[in-house]
Asks: 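Let me give you the structure first, and then I'll get to my questions.
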Amino acid sequence: MAAAVKIVPRHIAIIMDGNGRWARQRGLPRIRGHEQGAEAVRECVEGCGELKIEYLTLYAFSAENWQRPKSEVFALMRLLEKFLKDKTPELIEKNVRLQAIGRLTDLPDRCQKRLHESIKRTADNTGLTLILALSYGGRDEIIDGIRSLLREIEAGHIDKAMINAEMFSKHLYTRYYPDPDLLIRTSGEMRISNFLLWQLSYTEMYVTAKLWPDFTRKDLFAAVEDFSKRQRRYGGVDVL
Ligand code: FPP
């Protein structure tokens, strides 16, 4: 199946939604949905490797997710810590480079430590770059970008007249990565939910009714195949 896909996106971003509903449908606690969601992450990373995708950004914990019940936030942080501890050897074996975006200093110290350890241990890998969006908010990112730009102006490193979209992109968390080509959202919701607001300007969207814990590499291949048939015009017109 993977071999049939001709044009693959360089960068896929995913809003992994529906863990809670998956658990509710089975009469299980919400955290079981998140645990199963972590397994779907593994499957998706493998699928991206097969397709030779360069970048995969996963919305793993939003700035708004801190408002969830304390017990769920705690369980999600524990799960992240466990994921980093258990899966880092697998990431190394699969040549995956781990990165993270967001207000990472909001995370519990133990998570930050594990995260930076995993980032360091996978830094020389040359395959897929897996970017976890953690305590991430698109509006926060833009505000942090403006603050960073103002610091540069105040320090006299740049002139206000030099500001343009390309320069501003260099002040975002994502400055090292290309913009996503394809955004996948699971569970049928048609929202951006404060994810990569700047970077998704020309990204192709794919929404599937599948709940994230049920998302398999076959679903990933279907999304990429759909993407390969799209005509991207970036606001221009088709050239005949
Ligand atoms: C949305 O489902 C999902 C999240 C808020 C967390 C995403 C986390 C994972 C997929 C597991 C952990 C990932 C890693 C990388 C360790 P929801 O809870 O909003 O679902 P609902 O809308 O059905 O309630």
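Atoms within a ligand are numbered from 1 in the order they appear, just like the ligands themselves.
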Asks: Specify the protein heavy atom at minimum distance from atom 12 (C) of ligand 1: its residue, its atom name, and the distance to 0.1 Å.
Replies: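 Going atom by atom, the protein heavy atom closest to atom 12 (C) of ligand 1 ends up being Leu79 CD2, 3.9 Å.
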Asks: Which option, Arg78, His34, Glu81, owns the non-hydrogen atom nearest atom 4 (C) of ligand 1?
Replies: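 The option holding the nearest heavy atom is His34.
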Asks: Using a strict 4.0 Å threshold on nitrogen-to-oxygen distance, state whether Asp226 and Arg230 make a salt bridge.
Replies: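 The answer is yes: the pair qualifies as a salt bridge.
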Asks: Salt-bridge test for Lys170 and Glu152: reply yes if a basic N is under 4.0 Å from a carboxylate O, no otherwise.
Replies: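 Between Glu152 and Lys170 there is no salt bridge, as every charged N stays at least 4.0 Å from the carboxylate O atoms.
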Asks: Using a 4.0 Å heavy-atom cut-off, which part of Arg30 comes near ligand 1: side chain, backbone, both, or neither?
Replies: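 The side chain, only.
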Asks: Heavy-atom contacts with Gly20 under 4.0 Å: which atoms of ligand 1 show up? List them by number with element.
Replies: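 Selected atoms, number and element: 17 (P), 18 (O), 20 (O), 21 (P), 23 (O), 24 (O).
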Asks: Between Ser187 and Trp212, is there a side-chain donor-acceptor contact under 3.5 Å, judged purely by atom types and distance?
Replies: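 No pair is found: no donor N or O on one side chain lies under 3.5 Å from an acceptor on the other.
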Asks: What part of Trp212 sits under 4.0 Å from ligand 1 if we count only heavy atoms: the side chain, the backbone, both or neither?
Replies: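 The answer is the side chain of Trp212.
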Asks: Examine Asn19 against ligand 1 and note whether any of their N/O atoms are separated by less than 3.5 Å.
Replies: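 Between Asn19 and ligand 1 (N or O atoms, distance only) the closest approach is under 3.5 Å.
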Asks: Does Tyr173 use its side chain to pair, donor to acceptor, with the backbone of Asp144 at less than 3.5 Å?
Replies: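 Pair absent, no side-chain N/O of Tyr173 close to backbone of Asp144.
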Asks: What part of Asn65, side chain from CB on, backbone N/CA/C/O, both or neither, has a heavy atom under 4.0 Å from ligand 1?
Replies: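 Near ligand 1, Asn65 shows its side chain, while the N, CA, C and O stay back.
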Asks: May I ask you to decide if Leu196's main-chain N or O and Tyr136's side chain share a donor-acceptor pair within less than 3.5 Å?
Replies: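 Flag set: sc Tyr136 to bb Leu196 pair under 3.5 Å.
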Asks: Which residue and atom name correspond to the protein heavy atom nearest atom 13 (C) of ligand 1, and how close is it?
Replies: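 Atom 13 (C) of ligand 1 sits closest to the protein heavy atom Val41 CG2, 4.3 Å.
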Asks: Check ligand 1 against Phe83 and write out every atom of the ligand that is under 4.0 Å from a heavy-atom position of the residue.
Replies: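 So the answer, numbered in order with elements, is 16 (C).
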Asks: To which protein heavy atom is atom 15 (C) of ligand 1 closest, and what is the distance rounded to 0.1 Å?
Replies: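 So the nearest neighbour among protein heavy atoms is Leu132 CD2, 4.0 Å.
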Asks: Is there a donor in the side chain of Tyr176 and an acceptor in the side chain of Gln99, or the other way round, less than 3.5 Å apart?
Replies: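 Side-chain D/A pair, Tyr176 to Gln99: absent.
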Asks: Decide whether Thr126 and Asn95 meet the rule of one side-chain donor and one side-chain acceptor closer than 3.5 Å.
Replies: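 A pair is found: one side chain offers a donor N or O, the other an acceptor, under 3.5 Å apart.
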Asks: Pick whichever of Ala60, Gly37, Ala23 has a heavy atom sitting closest to atom 8 (C) of ligand 1.
Replies: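 That would be Ala60.
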Asks: Any luck finding a side-chain donor-acceptor pair between Thr122 and Arg97 under 3.5 Å?
Replies: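 Note: Thr122 and Arg97 side chains miss the donor-acceptor criterion.
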Asks: Using 30° and 60° as the class boundaries, would you call the ring planes of Tyr177 and Tyr55 parallel, tilted or perpendicular?
Replies: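 Correct class here is tilted.
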Asks: Which residue holds the protein heavy atom closest to atom 3 (C) of ligand 1, what is that atom called, and what is the gap in Å?
Replies: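 For this ligand atom, the closest protein heavy atom is Met16 O, 3.2 Å.
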Asks: Looking only at distance, does Ala38 have an N or O less than 3.5 Å from an N or O of ligand 1?
Replies: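 N/O-N/O distance under 3.5 Å: no.
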Asks: Does only the side chain of Arg68 get under 4.0 Å from ligand 1, or the backbone, or both, or neither? Count heavy atoms.
Replies: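 The side chain, only.
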Asks: Less than 4.0 Å between a side-chain N and a carboxylate O, is that true for Glu90 and Lys94?
Replies: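 Here Lys94 pairs with Glu90 in a salt bridge, since their nearest N and O are under 4.0 Å apart.
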Asks: What protein heavy atom sits nearest atom 22 (O) of ligand 1, and how far away is it?
Replies: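 Protein heavy atom at minimum distance: Arg21 NH2, 2.9 Å.
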